Amino acid sequence: MPSATTSSTSGSSNAMRQSGLLIPTLRDEPGEAEIVSHKLMLRAGLIRKVAAGVYTYLPLGLRVIRKVERIIREELNKTGAQEVLMPIAAPAELWQETGRWDFYGKELFRLKDRHERDFCLGPTHEEIITDLVRREVRSYRQLPATFYQIQTKFRDEIRPRFGLMRGREFIMKDAYSFDADDAGAKESYRKMYEAYRTIFTRCGLTFRPVEADTGLIGGTSSHEFMVLADTGEDGIAVCDACEYAANVEHAAVRNATGGEACPRCAKPLRIVRGIEVGHVFMLGTKYSEKMKAVYLDKQGQDRAIVMGCYGIGVGRTAAAAIEQNHDAKGIIWPAPIAPFHVHVLPLAGKPGAVLDAAHALEAELEKAGMDVLLDDRDERPGVKFNDADLIGCPYHVVIGDKGLKDGQIELKERRTGAVTKLGPADAAARLKERLQAALS
RNA sequence: CGGGGCGUAGCGCAGCCUGGUAGCGCACCAGCUUUGGGAGCUGGCUGUCGGAGGUUCAAAUCCUCUCGCCCCGACCA
């Protein structure tokens, strides 16, 4: 589990001044947003829309994205997966080899270069990675191997919606496993499945892996990782008796309604809503056969590589976290993916004892390895409190005139609102304790 | 792509039905007073009314076309 001391995400300093950051919070609810995560991402100044389903990540939003990415990297690296970065633009020929140039339909963003050659913007990268592997892998000795990337994807969705929940351009982690046989592929799948459990747990999400259909990707079996939330676009049938869970689109429970018999234990199913944040597929040899990705086995025989592929929607994971963690005042970030761990609120904007104390504390927290946001703006207390609640860092430290005279500052936990009065000298140590608990 | 809705100041909206040359709140700028939960007063700035064409003496308002955005559906790692 991570310690607070390894948590810096950008720059040489992990403390930042609010006066120097673009954090355009909104008092009013934007008319364009329907669901709470989208509203709060706009209101807290995380994102701004550029076109339908296309967004700019502002400093705060980008920090959250980077934190999710870091958790993904840490867990995938532990499994032995290797990070690569593939191109966004891919030539039509590779897609024609698998037939998906035609099958994928309008969702595939197509374009021509200056020589009128066809390209597409990658919605997923089976073709590209399989092309790489068939060129570089010859022998069973080079298997198994899993590659992943974290990259911007393009899908010209019929209807983008709900902010980062369903964009046309979005950040995705996609991974591809290559094995010599089915047993190996199964093991690669299992490792990735377990890594996903850890990743979403670390992101502070309540989720459920469910059986799912394989869609355009194809393959032999798949599981979706569903974050349970009423605003989810998918229905899932869950059995409380035996842990069975499946997307209602899945053949085994297609169009199931609540109360129907669980296919595994025959107890009644319950239908809930879910947000698909991750999806793992056993692909078999669908792509390797079409693209002739083969290796030589011990007997010197050509054999098709057995593949798996694995996706995580990075922005969607952040949005799902907000769906599950908010209140009437704003976001309540799980500590591991919060843009900052601590929001320091000096109730003064002009130079003086309060601001001095805030700067001193900022330096100390930073030294202790925490990500600190200091609200050094010359704003009224109410404005700072409301913005801080909206932005939703897990801990707020309030430094005011009155408390300071008695040698006290206040530590507030965003989620519970619980306030602890502390001497400034104790604050860093106490916060570090609490954060370490919250981060593990 | 079918159905519905909306485009007026940075944000949220009124004005449109019944044409007369654009308004409210917040934000922003200046000054003074304020300072522990979105301050008060005074003064100020801000608009190709999404775009094009048409009707009319006159169009944000009526008509036609068009673009964008949102919601429902179909669709979907």
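Numbered from 1 within each chain, the chains take letters A, B, ... in sequence-line order. These numbers come from a predicted model, not from an experiment.
- Across the strands present, B:G68 finds its partner in B:C6; the criterion is a Watson-Crick or G-U wobble pair with both atom distances under 3.5 angstrom.
- Below 30°, between 30° and 60°, or above 60°: for A:Tyr189 and A:His223 the angle between ring planes is between 30° and 60°, a tilted geometry.
- Nucleotides B:U64 and B:C76, compared at atom P, are 37 Å apart to the nearest Å.
- In this structure, A:Ile35 places its CD1 atom 13 Å from P of B:C70, rounding to the nearest Å.
- Rounded to whole Å, atom C1' of B:C11 lies 15 Å from atom NZ of A:Lys39.
- Within a 6.0 Å radius of CG in A:Asp356, other residues, nucleotides and ligands contribute more than 12 heavy atoms.
- With both ends at atom P, the span from B:G15 to B:U56 equals 28 Å, rounded to whole Å.
- A 3.5 Å limit on both hydrogen-bonding distances identifies no Watson-Crick or G-U partner for B:G47.
- The shortest side-chain heavy-atom distance between A:Thr56 and A:Ile47 does not fall under the 4.5 Å cut-off.
- In this structure, A:Pro24 and A:Leu58 have side chains that are in contact, with non-hydrogen atoms separated by less than 4.5 Å.
- With contacts defined as side-chain heavy-atom distances shorter than 4.5 Å, the pair A:His396/A:Val342 does not qualify.
- Ring geometry for A:Phe109 against A:Phe154 counts as perpendicular: the plane angle is over 60°, on a 0 to 90° scale with 30° as the lower cut.
- B:C17 makes up no base pair with any nucleotide shown, lacking Watson-Crick or G-U wobble contacts both under 3.5 Å.
- Atom P of nucleotide B:C70 and atom CD of A:Glu34 are separated by 11 Å, given to the nearest angstrom.
- Rounded to whole Å, the distance from CD on A:Glu32 to P on B:C69 is 11 Å.
- Pairing of B:G37, defined by two Watson-Crick or G-U wobble distances under 3.5 Å, is not identified with any nucleotide.
- Put simply, CG on A:Leu108 is 14 Å from C1' on B:C76, counting in whole angstrom units.
- Put simply, CD1 on A:Ile47 is 16 Å from C1' on B:C11, counting in whole angstrom units.
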So if I define the base as every atom that isn't primed, P, OP1 or OP2, how would nucleotides 29-38 of chain B read as a B/S/- string at a heavy-atom cutoff under 4.0 Å?
-----B-BBB
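- Judged by closest nucleotide on RNA chain B, A:His38 is the one of A:Asp234 and A:His38 placed further toward the 5' end.
- Closest contact between the side chain of A:Asp28 and the listed nucleotides B:G25, B:C1, B:C69 involves B:G25.
- B:C11: Watson-Crick or G-U partner is B:G25, with both key distances under 3.5 Å.
- Protein atom NZ of A:Lys49 is 7 Å distant from nucleotide atom C1' of B:C70, rounded to whole Å.
- The aromatic rings of A:Phe200 and A:Tyr196 sit perpendicular to each other, their planes meeting at more than 60°, with 30° as the lower class boundary.
- The separation of B:U21 from B:U48, taken at their C1' atoms, amounts to 15 Å, rounded to a whole angstrom.
- Taking atom P in both B:G51 and B:A60, one finds a spacing of 10 Å when rounded to whole Å.
- Spacing between B:G4 and B:G53 at atom C1', rounded to whole Å, works out to 27 Å.
- Spacing of P atoms, B:U8 relative to B:G44, comes out at 26 Å, to the nearest Å.
- Salt bridge present: A:Arg70 and A:Glu74 bring a charged side-chain N and a carboxylate O closer than 4.0 Å.
- Nucleic acid contact class of A:Pro123 (heavy atoms, under 4.0 Å, all strands): base.
- Counting non-hydrogen atoms under 4.0 angstrom, A:Gly311 reaches a base of the nucleic acid.
- As judged by a 4.0 angstrom heavy-atom cut-off over every strand, A:Ala212 is placed among residues making no nucleic acid contact.
- Nearer to the 5' terminus of RNA chain B, by closest-nucleotide assignment, is the contact made by A:Gly53 (compared with the other of A:Glu157 and A:Gly53).
- No donor-acceptor contact under 3.5 Å links the side chain of A:Arg161 to the base of B:C70.
- Only the C1' atoms considered, B:C32 is 41 Å distant from B:G50, to the nearest whole Å.
- Side chains of A:Leu21 and A:Leu373 form a contact here, defined as non-hydrogen atoms less than 4.5 Å apart.
- In this structure, A:Phe162 reaches the sugar-phosphate backbone alone: every heavy-atom distance under 4.0 Å involves primed, P, OP1 or OP2 atoms, never a base.
- Across the strands present, B:C62 finds its partner in B:G54; the criterion is a Watson-Crick or G-U wobble pair with both atom distances under 3.5 angstrom.
- The side chain of A:Arg159 places an N or O atom within less than 4.0 Å of a non-bridging phosphate oxygen (OP1 or OP2) of B:C71.
- With both pairing distances under 3.5 Å, B:C1 is matched to B:G73 as a Watson-Crick or G-U wobble pair.
- A:Glu276 comes within 4.0 angstrom of the backbone, heavy atoms only, and of no base.
- At whole-Å resolution of the value, NE2 in A:His250 and P in B:C76 are 16 Å apart.
- Using a 4.0 Å cut-off between a side-chain N of Lys or Arg and a carboxylate O of Asp or Glu, A:Asp371 and A:Lys67 qualify as a salt bridge.
- Distance check on atom C1': B:U18 versus B:U61 gives 10 Å, rounded to whole Å.
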